[in-house]
Amino acid sequence: MLILAIESSCDETAAAVTEGRRVLSSVINTQIEEHKKYGGVVPEIASRRHCENISQVVKKALEEAGKSFGDIDAVAVTFAPGLIGALLVGVNYAKGLALSLGVPLIPVHHLRSHIAANYIDNEELKPPFLCLTVSGGNSILTEVRDYTDFDMIGGTRDDAAGECFDKSARAMGLPYPGGVNLDKIATTADFKKYPLPRPKVEGSPYDFSFSGLKTAVINTLHNAVQKGEEVDIPVLAATVRKRVCDMLIENTLLALSDRNSDTLVLAGGVSANSELRTRLEEECKSRGIKFYRPELKYCGDNAAMVGVQAYYEYLSGNIGGSSLNATATLPIDYTNNLKRG
Ligand code: KG4
């Protein structure tokens, strides 16, 4: 079954042609250079660029796969969560295309597709497993019971891990996208020099909280400016990175042990973080737990992961129609809620 997948939830316009878990093409048009000027994504600009780029990106994905519209068996699209104007461009394009080709339309949840990025190069990976999904807008711990059956067991109470990285990086004067650049320049953490807090959510051991850490970084920088002191940015960056990883890893290891899980999957844009990848790999190895993380090219937003998840959504009967709408926020286990009524 050949799927043409489309992704436009934030600042990447992407299209891919997939067949099951196989990726025939994956094209990404990123708007990073444009949003860099503003230090973050400007939603209105993102939507406009998606409108301008989407047809060309789809055309290129078909060309690279050596396919034409007539070969496509279904159209898949990210419909939630994300920037509403950006999502709407992909959703409306996909609806029109599916209708004109006379093929099914498959709506895909953005975080489910980030998890599916792990299926691309790991043929043996199958649910059930525990998954830590960390991106710019979300940080959740999920039990993946089946390809389309999710149980969210923990999440952030305030900011996502990526948001904490991005805002800390911006306060340090690093260019957008902050998380990536913070990771690049970070050296060695020093908690004596920069005693950043390690927040915990009392009574909810799987939940995260990152806003206090973000505020502490901003205060550290402001205090230094007021006192005329110089800040060692690479050391501060490494200290923030370590704190974020400490919180993510501690809760994940606890959930793995409480639930007797033998497999951990890492997903989302922050899964590209070098410290998070290395430390989770070591922790899992020492506990005899199988550990998977996406190839770096599939960590950020792309449409290949949308196509792969769409295949499983299709098999589960999760098909959309002309009434499909984009949704800015939606939990990963939304289909369970629909079934419960
Ligand atoms: O999943 P994603 O591409 O978009 C969302 O759906 O949010 O994630 C983007 C997030 C941004 O916050 C970005 O700074 C962060 O992932 N990120 C990183 C790294 N690479 C991307 N954060 C820390 N270290 C990295 N190497």
Side-chain angles (χ1 to χ4, degrees), residues 7-14 26 28-32 35-36 39-41 43 46 50 78-84 86-87 90 108-118 131-140 155-156 159-172 174-186 189 208 210-211 213-214 217 234 237-249 265-280 293-306 309 326-330 332:
E7 150 67 31
S8 70
S9 66
C10 191
D11 60 344
E12 260 96 32
T13 319
S26 175
I28 303 172
N29 180 297
T30 182
Q31 306 170 5
I32 284 179
H35 297 291
K36 220 179 218 172
V41 178
H50 287 313
T78 309
F79 79 106
L83 299 174
I84 193 67
L87 285 166
V108 178
H109 189 284
H110 186 54
L111 298 185
R112 292 186 181 195
S113 65
H114 269 302
I115 296 172
N118 284 278
C131 184
L132 172 66
T133 312
V134 267
S135 69
N138 296 273
S139 296
I140 59 169
T156 181
D159 293 339
E163 157 96 8
C164 179
F165 275 136
D166 290 343
K167 293 285 155 60
S168 300
R170 187 152 87 175
M172 290 178 208
L174 301 175
Y176 171 84
V180 187
N181 291 313
L182 184 147
D183 192 21
K184 270 190 199 148
I185 62 131
F208 307 104
F210 294 103
S211 68
L213 178 59
K214 179 184 77 180
V217 175
T239 314
V240 184
R241 182 176 68 180
K242 181 149 193 334
R243 269 291 177 254
V244 171
C245 291
D246 288 345
M247 284 192 277
L248 292 171
I249 294 170
V265 168
L266 179 63
V270 181
S271 68
N273 186 265
S274 57
E275 179 170 339
L276 188 60
R277 287 168 89 90
T278 312
R279 283 177 60 189
L280 275 177
R293 72 268 191 291
E295 238 193 277
L296 280 175
K297 68 176 174 188
Y298 295 127
C299 286
D301 291 343
N302 66 86
M305 64 185 192
V306 179
Q309 180 60 23
T327 308
T329 54
L330 189 72
I332 192 165

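Note that ligands are numbered from 1 as they come in the structure, with each ligand's atoms numbered from 1 the same way.
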For L111 and P81 the tightest heavy-atom approach is N-CD, 4.5 Å
Of T156, V244, I140, the one forming a side-chain contact (heavy atoms from CB on, under 4.5 Å) with F208 is T156
For A116, the side chain to side chain contact (heavy atoms under 4.5 Å, CB included) test, sequence neighbours excluded, returns Y119, V308, Q309
A student checking ligand 1 against F165 at a 4.0 Å heavy-atom cut-off should list atoms 22 (N), 23 (C)
In this structure, atom 11 (C) of ligand 1 is nearest to the protein heavy atom D166 OD2, 3.4 Å
### Task
For R170 and Y176, indicate whether the former's side chain and the latter's backbone hold a donor-acceptor pair under 3.5 Å.
no
query = Going by atom types alone, do H50 and N29 pair a side-chain donor with an acceptor below 3.5 Å?
reply = no
Counting only nitrogen or oxygen atoms and a 3.5 angstrom limit, does N273 reach ligand 1?
yes
Within 4.0 Å of some non-hydrogen atom of G162, the atoms of ligand 1 are 12 (O)
The atoms of ligand 1 lying under 4.0 Å from a heavy atom of G137, numbered in the order shown, are 7 (O)
* Any nitrogen or oxygen of E163, main chain or side chain, under 3.5 Å from a nitrogen or oxygen of ligand 1? -> no
Quick note on ligand 1: atoms under 4.0 Å from a heavy atom of H114 include exactly 1 (O), 6 (O)
Looking only at protein heavy atoms, what sits closest to atom 21 (C) of ligand 1 is G269 O, 3.3 Å
Ligand 1 to G136 polar contact by distance, N or O atoms, under 3.5 Å
yes
Rounded to the nearest 0.5 angstrom, the CG-OG distance for L83 and S8 is 9.5 Å
The protein heavy atom nearest to atom 15 (C) of ligand 1 is V270 CG2, 3.8 Å
Should H110 be listed as contacting ligand 1, given a heavy-atom distance under 4.0 Å as the test? yes
Are any non-hydrogen side-chain atoms of L276 and R293 less than 4.5 angstrom apart?
no
Checking heavy-atom distances from atom 18 (C) of ligand 1 to each of G179, G178, A160, the winner is G179
- prompt: Is P177 near ligand 1, meaning one of its heavy atoms is under 4.0 Å from it?
  reply: no
H114 vs H110 aromatic rings, parallel, tilted or perpendicular, using cut-offs 30° and 60°?
-> perpendicular
The option among L182, D301, D183, T78 carrying the non-hydrogen atom nearest to atom 26 (N) of ligand 1 is D183
- prompt: Is the closest basic N to carboxylate O distance between D166 and K214 below 4.0 Å?
  reply: no
Taken to the nearest 0.5 Å, the spacing of L330 CG from R112 CZ works out to 8.5 Å
TODO: Please confirm whether G300 comes within less than 3.5 Å of ligand 1 when only nitrogen or oxygen atoms on both sides are compared.
DONE: no
